[in-house]
2 protein chains.
Amino acid sequence: MSFRTIEWRDNKVVMIDQTRLPGEEVYNEYDDFRSVAEAIKGMVIRGAPAIGVAAAMGVALGARDIIADTHESFFRQLDNVCDVLARTRPTAVNLFWAIQRMKRTAEAHKDKDLNSIRQILKAEAISIEQEDLQICRAIGRNGAALIREGATVLTHCNAGGLATAGYGTALGVIRAAHEAGKKIQVFADETRPWLQGARLTAWELLKEGIPVTLIADNMAGFFMKRGEIDCVVVGADRIAANGDTANKIGTYSVAVLARENRVPFYVAAPVSTLDLSLKNGDEIPIEERHAHEVTHLQGYPVAPEGIKVRNPAFDVTPAKYIAGIITEKGVVRGDFEKGLRALVGQ
Amino acid sequence: MSFRTIEWRDNKVVMIDQTRLPGEEVYNEYDDFRSVAEAIKGMVIRGAPAIGVAAAMGVALGARDIIADTHESFFRQLDNVCDVLARTRPTAVNLFWAIQRMKRTAEAHKDKDLNSIRQILKAEAISIEQEDLQICRAIGRNGAALIREGATVLTHCNAGGLATAGYGTALGVIRAAHEAGKKIQVFADETRPWLQGARLTAWELLKEGIPVTLIADNMAGFFMKRGEIDCVVVGADRIAANGDTANKIGTYSVAVLARENRVPFYVAAPVSTLDLSLKNGDEIPIEERHAHEVTHLQGYPVAPEGIKVRNPAFDVTPAKYIAGIITEKGVVRGDFEKGLRALVGQ
């Protein structure tokens, strides 16, 4: 990969600023957990696995900076750090998963001295980042088998290297198929309002030399109906026990159009995106973001002043539209409840 | 109406510049047929009925300026004027309908002197404009009956006063329901890439005091699935004999999502939008416009340089998704072929 989404460097967290792509490739440094929380909220970093990594690194920064005489005080403050990071974005479960993992790690080493715990948390955050890259490569391998030679693959939003520690989930599948020598091409939905497709997916795939065509979101159906799309692969922000999948707003529409046109629709995500505590997608909280994202584009107004706006950032695709869920532990099809529980040994 | 889309004034054609709305309300004057053709091509004026009116006025301007000693020379040059205007945009049939009507009018009066023919053509163009306003009011009356008290109506693109001589087709139905005292509200798709929904529909409805909420195109399915949309009303650029309807890109997706969620989907259009010479929608030519519309927003780049783009401006919604076609002569349901032919006395 020719860029790094997020890394721990010189005791700081460094992230590529995704609000400024594709115009500028700028790397921001974060030296405290509150600024990491702001970066997640402001979408300097986004994508479910990537914000999991960012939150873990935020916890490590917070732990480093806690001033405490006692373990009790340290753990109380650590809880506060975790709460601040957890309140950044509500939908992607990887955020909460990563924070929980950091908490459990601290808990497991609570008998050690505070400086050791701080070092262990830093090492754990870096592990989460490095594991994520390996997980994405495994998702890629598992998914590539579903992509036929010469296929045109539609994707929505950015489930790429920029949404993960690198390589990507949906784009991991595409990268792996490309690396396997299949002559595939990608159609990328621009993904309003934040334009992750136009700004990030297009940028990533252009850099990688994978043929990519940008379309507006409302064109996907047109190309499916004309038989120009062979399959759809998207990422996920949270997957309920029955397979219902929350992902970027517009994913549901793509899934309905795919089924109507007999185009297989796949979800690619790490096991950390599963939330088997939820029976179905109705229980997944959906973030609504600021009207400004819809009324303005890079600061330029595109709608009349005073217009009322709705801006849900995610939607839920019912499992019935999903042909398969591609994880690092294999592809689940058919009875998702059974298959997803089996993946995690339940 | 608090604005005029197009009018003949002081021997010029005056149009509100739709490329500059909603930021600026500017009226441009056109004094020759070539600049009218450029205005249609550049979307200073757009919307199927409105470009029909513009083309008719363009023919009248062209006829006025023809220098000819003989009727033969006049009619040869008039053909050329018509050809230039016909080559502006391929999908909306109203353009060709209006040009044909102007040609037939000239033909019907070919025994008169040239100045009389010029005057007759000018009067005919003004008639087309004035009839369109009456037609839209009739469409509104016929359609309003389909909108229940308190309904939330989704619309795509702008089939409003700005797309017609005034009042609108889809927005005519909405206006008429509003004027009838039904407490309706509108959800407007922003309609990428040209943002007719965000820029024009939102502006028109705000001016009119009709409650309107702006959403990105990919959010329509989300709100339908949640039961927040009661019906969809859109305009049309060309309707084939079997009811298949070409309209702004994204309309097909809205129609599929509407059916999936049991939301009735209506098309509102004047009879001049029918093209009964076409058996079905496969024969409707679809304009593809410049990549710049997708990669840039008001001049600002939103995608990486060098990205490949597809930009179909229209799609075709198969008749099976359409609950009714609302015209000035009544609402056609069920067997569209029979119903549409009956409207025009075939």
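Every chain is numbered from 1, with letters handed out A, B, ... down the list of sequences.
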Sort out for me which of [options] touches chain B most, counting heavy-atom pairs under 4.5 Å.
options                                : value
A/Tyr252, A/Phe314, A/Tyr300           : A/Tyr252
A/Thr213, A/Val256, A/Val294           : A/Thr213
A/Val212, A/Leu257, A/Thr295           : A/Leu257
A/Arg199, A/Lys248, A/Arg226           : A/Arg199
A/Ala216, A/Pro301, A/Ser253           : A/Ser253
A/Asn311, A/Asp315, A/Ile215, A/Val302 : A/Val302

For the CD atom on B/Glu24, are there more than 12 heavy atoms of other groups (residues, nucleotides or ligands in this structure) within a distance under 6.0 Å? yes
Can you tell me if B/Lys182 has over 12 outside heavy atoms packed within less than 6.0 Å of its NZ?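 Yes, NZ of B/Lys182 has more than 12 neighbouring heavy atoms, counting only those of other groups under 6.0 Å.
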For the residue pair B/Asp17 / B/Thr19, report whether a side-chain donor-acceptor contact shorter than 3.5 Å exists.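 Checked: B/Thr19/B/Asp17 side chains pair up, N/O donor to acceptor below 3.5 Å.
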Checking side-chain polar atoms at under 3.5 Å, does A/Glu260 have a donor or acceptor matched by the opposite partner on B/Tyr321?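 Yes.
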Go through the atoms of [X] and report whether side chain, backbone, both or neither lie under 4.5 Å from a heavy atom of chain A.
X        : answer
B/Asp282 : neither
B/Glu293 : neither
B/Val254 : neither
B/Pro304 : both
B/Leu21  : neither
B/Asp217 : side chain

Is it the backbone or the side chain of A/Leu297 that comes under 4.5 Å from a heavy atom of chain B, or both, or neither? side chain
Looking only at heavy atoms and a cut-off of under 4.5 Å, which of B/Thr191, B/Leu195, B/Leu206 has the most pairs with chain A?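 Option with the top pair count is B/Leu206.
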Tell me which of these, B/Ala291, B/Pro211, B/Pro318, B/Ala198, has more heavy-atom pairs under 4.5 Å with chain A than the rest. B/Ala198
Residues [X], [Y]: salt bridge by 4.0 Å N-O rule:
X        : Y        : answer
B/Glu25  : B/Lys207 : yes
B/Arg175 : B/Glu204 : yes
B/Glu190 : A/Arg192 : yes

Going by the side chain to side chain donor-acceptor pair (under 3.5 Å) test, name the single residue among A/Gln18, A/Gln196, A/Arg46 that passes it with A/Asn158.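 Of the listed residues A/Gln18, A/Gln196, A/Arg46, the side chain to side chain donor-acceptor pair (under 3.5 Å) partner of A/Asn158 is A/Arg46.
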Does any part of the side chain of A/His156, heavy atoms only, come nearer than 4.5 Å to the side chain of A/Thr201, both counted from C-beta?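 Side chain of A/Thr201 against side chain of A/His156, heavy atoms only: no contact under 4.5 Å found.
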Given the rule in the side chain to side chain contact (heavy atoms under 4.5 Å, CB included) test, do B/Ile184 and B/Thr152 qualify, once you have shown the distances and angles that lead to the verdict? CA-CA 6 Å; B/Ile184 62 168; B/Thr152 298; over 6 Å; no
